[in-house]
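Please read the structure below before turning to the comments.
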There are 2 protein chains.
Amino acid sequence: MRVSTKVRYGLRAVIELARSSGDFGGRRKPPLRTDTERGGMKCIIHRGLVPLTWIAEQQNISLKYLERIFGRLKRAGLLESSRKRGGGYRLKKSPDKVTVGEIMRALGDETSLLRCVRNADVCERSKRCATRGFWKSLSDLIDMTVERTTIADFL
Amino acid sequence: MRVSTKVRYGLRAVIELARSSGDFGGRRKPPLRTDTERGGMKCIIHRGLVPLTWIAEQQNISLKYLERIFGRLKRAGLLESSRKRGGGYRLKKSPDKVTVGEIMRALGDETSLLRCVRNADVCERSKRCATRGFWKSLSDLIDMTVERTTIADFL
DNA sequence: GAAAATCCTACCAAAATGGTAGGATTTTTG
DNA sequence: CAAAAATCCTACCATTTTGGTAGGATTTTC
């Protein structure tokens, strides 16, 4: 019952993204240019687009690994990006609309503790199983928590 | 974030044990002999000692695997056993004293989602980590649930 | 055309998972 | 005393998952 490092890193990185972006998604426009400095490092962020190099350095995560993680998050519709000199990633929605659950799902971690919890058919004893109800309610508890807390809660 | 089959099987098997045993642990003495019949199978249980063959058949779990699981549960102090002809396993405590959490721990599944949750030292960023608090409170939630529900709740 | 970024695919080592095999041991019972 | 019924023990193993790395392709700006 451990959370994968993909999700750990992913969550940390998305929080870092939101912090550094200066963008808060949605209608409000991000500043044209922000100069950020932290821990001896500098970064110039254009229109809220944060380059991965910055996030990787700040959070001490391998750039290559982060690229893969952000690729998945983008494909899941959580991020948008720009390839170019002053490019990077940006949240597609405002931080208070992005849930931890979304990130987990995008990165392949399921919140249900057992397969049968969401799909009773995977096991023929599901109906009369004494334990399924328990695992299901625990999974639901986790689900609720994870779906209720957003990136904004970390800022 | 999946529960291991060891724990799934273990929980199911312990519930089956409690059901079949007729023993309810502690001071109350189990019946000298119970004749159980279910699903076309028969089993004679002496002094609450349930043989694994019965549990394995009832719950459709490989006997060999179950032996390993019950070995760990015994070493953890949850069960007692008797090797002999009319032997088997028995709960050491009454079912309402045996928690799901104990079973999980005995079988090697930790309830904490991240190592740093119980031991901040495993990561030097623990103190200033934005996400640790979240994972910790979620772990605590799981812990509470798992520690509050006992085998008696499944009977 | 160099530079700064994302993007893509393939590969890989290590660890965890979910077991099986084969027998040793203990105790009762016929 | 031997067979039987049970636990107990240890080693092995195949598969899957995890946690990455490597190497480059692509896009766009300066």
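First the proteins, then the strands, lettered A, B, ... as listed; each starts at 1.
- Residue B/Tyr89 is classed as a sugar-phosphate contact, given heavy-atom separations below 4.0 Å to backbone atoms only.
- With rounding to whole Å, A/Ile44 atom CD1 is found 17 Å from D/dT29 atom P.
- Taking 4.0 Å as the cut-off between side-chain N and carboxylate O, A/Asp121 and A/Arg115 do not count as a salt-bridged pair.
- The base of C/dT20 is paired with the side chain of B/Arg68 by a donor and an acceptor separated by under 3.5 Å.
- The base of C/dT26 does not come close enough to the side chain of B/Arg83 for any donor and acceptor atom to sit less than 3.5 Å apart.
- Among the protein residues, A/Gly88 comes within range of the sugar-phosphate backbone only, with heavy atoms under 4.0 Å from sugar or phosphate atoms but none that close to a base.
- Using a 4.0 Å cut-off between a side-chain N of Lys or Arg and a carboxylate O of Asp or Glu, A/Arg105 and A/Glu110 do not qualify as a salt bridge.
- A donor-acceptor contact under 3.5 Å is formed by the side chain of A/Lys64 with the base of D/dG23.
- At whole-Å resolution of the value, CZ in A/Arg72 and P in C/dT9 are 14 Å apart.
- Looking at heavy atoms from C-beta onward, B/Asp109 lies out of side-chain contact with B/Lys6 at the 4.5 angstrom threshold.
- At a cut-off of 3.5 Å, with distance as the only test, a side-chain donor of A/Glu16 or A/Gln59 sits close to an acceptor on the other residue.
- Here B/Thr53 does not reach the OP1 or OP2 of D/dA5: none of its side-chain N or O atoms lies under 4.0 Å away.
- Distance CD (B/Glu67) to P (C/dG22): 14 Å, rounded to an integer number of Å.
- Here the P atom of nucleotide D/dT18 and the CE atom of B/Met1 are 13 Å apart, to the nearest Å.
- Contact of A/Arg85 with C/dT6 (side chain to base): no donor-acceptor pair of N or O atoms is detected under 3.5 Å.
- Put simply, the residue from B/Arg148, B/Lys93, B/Lys92 that forms a salt bridge (charged side-chain N to carboxylate O under 4.0 Å, His left out) with B/Glu102 is B/Lys93.
- Here C/dT17 presents its P atom at 14 Å from CZ of A/Arg115, a figure rounded to the nearest Å.
- Distances shorter than 4.0 Å separate some side-chain N or O of B/Lys74 from OP1 or OP2 on D/dC8.
- In terms of phosphate contacts, B/Tyr9 brings a side-chain nitrogen or oxygen within less than 4.0 Å of OP1 or OP2 of C/dG19.
- Mapping A/Asp109 and A/Ser62 onto DNA chain D by nearest heavy atom places A/Asp109 at the nucleotide closer to the 5' end.
- Along DNA chain D, the nucleotide closest to A/Thr5 and the one closest to B/Leu52 are compared, and the more 5′ of them pairs with B/Leu52.
- Rounded to an integer number of Å, the gap from CG of B/Leu66 to C1' of D/dC9 is 16 Å.
- Distance A/Lys84 NZ to D/dT28 C1': 7 Å, rounded to the nearest Å.
- Nucleic acid contact class of B/Leu49 (heavy atoms, under 4.0 Å, all strands): none.
- At whole-Å resolution of the value, OH in B/Tyr65 and C1' in D/dC12 are 15 Å apart.
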